[in-house]
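One structure below.
Note that the structure is predicted; figures quoted are calculated from it, not measured. Residue numbering restarts at 1 for every chain, and letters A, B, ... go by the order of the sequence lines.
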Protein chains: 2
Amino acid sequence: MPKRVTAKEVAKALGISTMTVSRALNNRPNVDPKTRQKVLETAQKLGYFPNYIAKSLVLRKTNTIGVVVPEITHSFFPEVVRGIEEISYQSGYDLILSHSAESGIREKSAIETLVSKQVDGLLISTAQTVSDYTIYQQVMRRGIPIVFYDRCVKNIGANCVSIDDEESATLITEHLIQHGYQRIGHISGPSQVLIGQARKQGFIKALQKSNLTVDADLIIEAGFHEKDGYSAMQTLLQLPPGKMPRAVVAVNDPAAFGAMKAIYEHNLRIPEDVAIVGFSDDIRAELIRTPLTTIRQNAYEVGRRAVQKLIDQIENKTSSVEEIIVKGELVIRNSCGCTG
Amino acid sequence: MPKRVTAKEVAKALGISTMTVSRALNNRPNVDPKTRQKVLETAQKLGYFPNYIAKSLVLRKTNTIGVVVPEITHSFFPEVVRGIEEISYQSGYDLILSHSAESGIREKSAIETLVSKQVDGLLISTAQTVSDYTIYQQVMRRGIPIVFYDRCVKNIGANCVSIDDEESATLITEHLIQHGYQRIGHISGPSQVLIGQARKQGFIKALQKSNLTVDADLIIEAGFHEKDGYSAMQTLLQLPPGKMPRAVVAVNDPAAFGAMKAIYEHNLRIPEDVAIVGFSDDIRAELIRTPLTTIRQNAYEVGRRAVQKLIDQIENKTSSVEEIIVKGELVIRNSCGCTG
DNA sequence: AGCAGAAATGTTAGCGATAACATTTAGCGC
DNA sequence: GCGCTAAATGTTATCGCTAACATTTCTGCT
């Protein structure tokens, strides 16, 4: 096992103290330029790498940010991480990445590990099953700042960067209303998931703003996957002709794809018979038979804003608690009735 | 600033020594069960988090693996990271993620930082511009194991897990040959990139094995993007009818998409007039007008095998240097001439 | 009860670096 | 060349933890 070269050995090789070596290596003032030069050369020659672990112990700073991601398969989060990485790199922070796999228990344990590793701050997107917030509070009480991203925890004094699900849902629903559709249905997410709730709220709000009746029969609680959209749409298609929705807002793109399949199977056309829109701008959205009108969410921007806020907090540049909302963008294609 | 609770304070609260606290917390033998119980309770009550930085300093082990990724936008690498994460989590290692952005300089600096952070091992996929391998050797001489993944560095005694680009290219080319096509063209990657070279080699090898002539005019050096495939295909389509390829092997799926666009613009049909195949199983490959026959690369598996190898090495379970190759899988759709 | 041996606990030193203070050396004016 | 200040360097203690050794407290057995 090769021995590791320490500052002490560099010092010994030059017949000086480790303190001078430390000063030279860290560009501190009050070091003779000739000494500094010699230290640099010797360090290079001996293959010296500073030990950041030791440094972190004494400085109580690791220049490391802990990132907790609930799901990595989903394309949204890698994109967020890319944004996080970009800014943190520029600011000289490294990232420790943890995956909670949507499990509250794993999330808690990941946070504990990160705290034990003395990260300077945490970026967290909560797992879907989390309901106990004491760990967050415990961490914050220790003076470790947390910024939540995408999935926020409110009222515990933490910063938060999220997507404006509700407003975006309103936006896209209003687009359908502008097309003149009166009866609009909604294929929603599971009711216990925040994102689903927000989008449903936004949908309802848009109807109300235009004085359209909100018909509970036209809101089907489903899920985020293709099959959920498929079966929900089948339910809608079974409604009597006078009641069947002329347009549908799906909770996300996969659900919309499923719904489209059901529509085609009923020998109906999109958008001539039923218009449909999605949410999240899946890569497939523009490639399918009738390209899907949807909302593009800027995951990259969410990541950037979240770390930036966290780093500001770590370096005491800000103290106010903010809720930053990254706007979604309406991507108009053909499934809504627009012609492209 | 809240003070951090240390083992010493837990000890003082109980009137015992820190050593006993340490032993109790780490499930060491020779601790009275009652004492252990009290320590656990008190630690919990005081909100004690162990300081892994201090622990790492004395144990010279961080339980952390450094991962260097050249590119995060590309879907391949997030998938590799997912595989890495899964296994490392099971084995109790955390990941520090670094991004070299295909820059040799950034890669070197990332490695230096990771070494300074005392990672137990490194997973590296080299940036495209890297040609100086001394940093790798320096790190390995320090006793820090490296496993390369996807993009390997040979002959420096490091383990490596990669995709069998050459063999897969042979495989898919042979599939075209089985269709009876005689004149087959290749839209290759840039010649200085290894992956491109390997695929081209595999393409050539398949032709040779079947005693088909390798016509240099049918091999167009292009790039990995859609526009590269588009312009390369245009060059091929300009060839005199007797020379124009009846089938094309594209270096990857995006290049194939570009090529397909060019083919359609020439009012030719796929696969009736020109058959084409890709590489990498892009998510769009099965959704397009004529679904693309391609090679699926198991990025997830690459990640899993690479960390596993690394952890074995860290824990001294293996010492032999291996080159692990994860096989690609032929995904047959319609663009090759098969009917689905 | 007395004692060996095991079990439980304590003490000291050190991991590799830096802060804070102490000391030596250098520079400069008269 | 002297004295004074500033620059350069050195010393000691410490960050929070654990290894290694030292000591004390239990056991059980004759």
* Structure fact -> Contact string for nucleotides 9-22 of chain C, one letter per nucleotide 5' to 3', B = base within protein heavy-atom range under 4.0 Å, S = sugar-phosphate only, - = neither, reads BBB--BBBSBBB--
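- Each of I311(B), I96(B), L122(B), D94(B) was scored for a side-chain contact (heavy atoms from CB on, under 4.5 Å) with I65(B), with one residue passing: I311(B).
- With hydrogens and angles ignored, the 3.5 Å screen pairs a side-chain donor or acceptor of E102(A) with a backbone N or O of Q128(A).
- Between E41(B) and K45(B) there is no salt bridge, since none of the side-chain N atoms of the basic residue sits less than 4.0 Å from a carboxylate O of the acidic one.
- Atom NZ of K61(B) and atom P of dT18(D) are 14 Å apart (whole Å).
- The terminal axes of the helix from dA1(C)-dT30(D) to dC30(C)-dG1(D), fitted over 5 pairs per end, subtend an angle of 40° to the nearest 10°.
- In the model, K55(A) has no side-chain atom that pairs as donor or acceptor with a side-chain atom of S116(B) under 3.5 Å.
- At distances below 3.5 Å, at least one donor-acceptor pair connects side-chain atoms of D32(B) with backbone N or O atoms of K34(B).
- Look at E86(A) and R82(A) and you find no salt bridge, because none of the NZ, NE, NH1 or NH2 atoms lies under 4.0 Å from a carboxylate O.
- Residues forming a ring pair (Phe, Tyr, Trp, His ring centres under 6.0 Å) with Y89(A) (at least two apart in sequence, or on another chain): none.
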For nucleotides 23-26 of chain D, print each protein N/O atom paired with a nucleotide N/O atom at under 3.5 Å, atom names and distance only.
none

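- Summarising the local packing, NZ of K317(B) is surrounded by more than 12 heavy atoms from other residues, nucleotides or ligands at distances under 6.0 Å.
- A 6.0 Å sphere centred on CG of L59(B) holds more than 12 heavy atoms belonging to other residues, nucleotides or ligands.
- Annotation: K154(A), atom NZ; neighbour count of heavy atoms from other residues, nucleotides and ligands within 6.0 Å does not exceed 12.
- Here Y136(A) pairs with Y133(A), F148(A) under the ring pair (Phe, Tyr, Trp, His ring centres under 6.0 Å) rule; sequence neighbours left out.
- The shortest distance between side-chain heavy atoms of S162(B) and D150(B) does not fall below 4.5 Å.
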What's touching nucleotides 23-25 of chain C from the protein side, N or O pairs under 3.5 Å?
none

